[in-house]
Amino acid sequence: MPTTVNSIQRDTRKMAPADAALTHYLRMPESGDVEGCINSCIEQLIVEHGLSRTEAQRVAMQAYADNRCINRREWLDIDRSTSNLITIQTSSGPIHFTVADVMHAMERYRAESTVH
């Protein structure tokens, strides 16, 4: 029997929640509605896997991050990061950000994205 989108959707019910969430994102078009896709992934995890909303949000966001980082050489260095310092390992060495640095960058990004 050939694989179809419907058979893939049915198979996700048999998967672990994290695998089902990653499969959900892998089917998402690159130019798709990211917020809508994340919300539909959360709902899928609640309905098909019986997760609480909080757990579904955590699993969905972790899978989204995993999907966005496929084939990336950079990674978050958990051993060097703390609750106030984020360390990202790159091919040219570690990069360090404080939470304040990240929040400032997010504020600037949001301001720039509302201008366009």
Of the non-hydrogen atoms in Leu45 and Ala56, which two are nearest, and what is the gap between them?
-> CD1-O, 3.6 Å
Spacing of CZ belonging to Arg73 relative to CD belonging to Gln89, to within rounding of 0.5 Å | 14.5 Å
Report yes or no: do Leu85 and Met103 belong to one cluster of Ile/Leu/Val/Met/Phe/Trp/Tyr joined by side chain heavy-atom distances under 4.5 Å?
-> no
From Met15 atom CE to Glu48 atom CD, the distance as rounded to the nearest 0.5 Å | 10.5 Å
Between the side chain of Thr90 and the main-chain N/O of Glu74, is any donor-acceptor distance below 3.5 Å?
-> no
Give the minimum heavy-atom separation between Cys41 and Ala60, together with the two atoms involved.
-> SG-CB, 3.9 Å
Would you say the side chain of Asp101 lies within less than 4.5 Å of the side chain of His104, judging by non-hydrogen atoms?
-> no
Tell me, do Glu112 and Glu107 make a side-chain contact under 4.5 Å, heavy atoms counted?
-> no
What about Ile42 and Tyr64, same hydrophobic cluster or not, with Ile/Leu/Val/Met/Phe/Trp/Tyr joined at side-chain heavy-atom distances under 4.5 Å?
-> yes
Supply the atom-to-atom distance Ile88 CD1 to Arg80 CZ, rounded to the nearest 0.5 angstrom.
-> 13.0 Å
Do Glu35 and Asn39 come close enough that some side-chain heavy atom pair is under 4.5 Å?
-> yes
So if you build clusters from Ile, Leu, Val, Met, Phe, Trp, Tyr with side-chain heavy-atom gaps below 4.5 Å, do Val99 and Met106 land together?
-> no
Using links of under 4.5 Å between side-chain heavy atoms of ILVMFWY residues, direct or through other members, which residues join Trp75 in one cluster?
-> none
Asn67 versus Leu22: any side-chain heavy-atom pair under 4.5 Å?
-> yes
Taking NZ, NE, NH1 and NH2 as the nitrogens, is one of them in Arg58 or Glu55 under 4.0 Å from a carboxylate oxygen of the other?
-> yes
Determine whether Val34 and Tyr109 fall in the same hydrophobic cluster, where Ile, Leu, Val, Met, Phe, Trp and Tyr are linked whenever their side-chain heavy atoms lie under 4.5 Å apart.
-> no
Answer yes or no: is there a side-chain heavy-atom contact under 4.5 Å between Leu51 and Pro17?
-> yes
When rounded to the nearest 0.5 Å, the distance separating CZ of Arg27 from SG of Cys37 is 8.5 Å
Are Tyr25 and Asp66 side-chain neighbours, meaning at least one heavy-atom pair lies under 4.5 Å?
-> no
Looking at CG of Leu76 and CD1 of Ile95, how far apart are the two atoms once the value is rounded to the nearest 0.5 Å?
-> 11.5 Å
Nearest 0.5 Å, what's the NE2-NZ distance between His49 and Lys14?
-> 12.0 Å
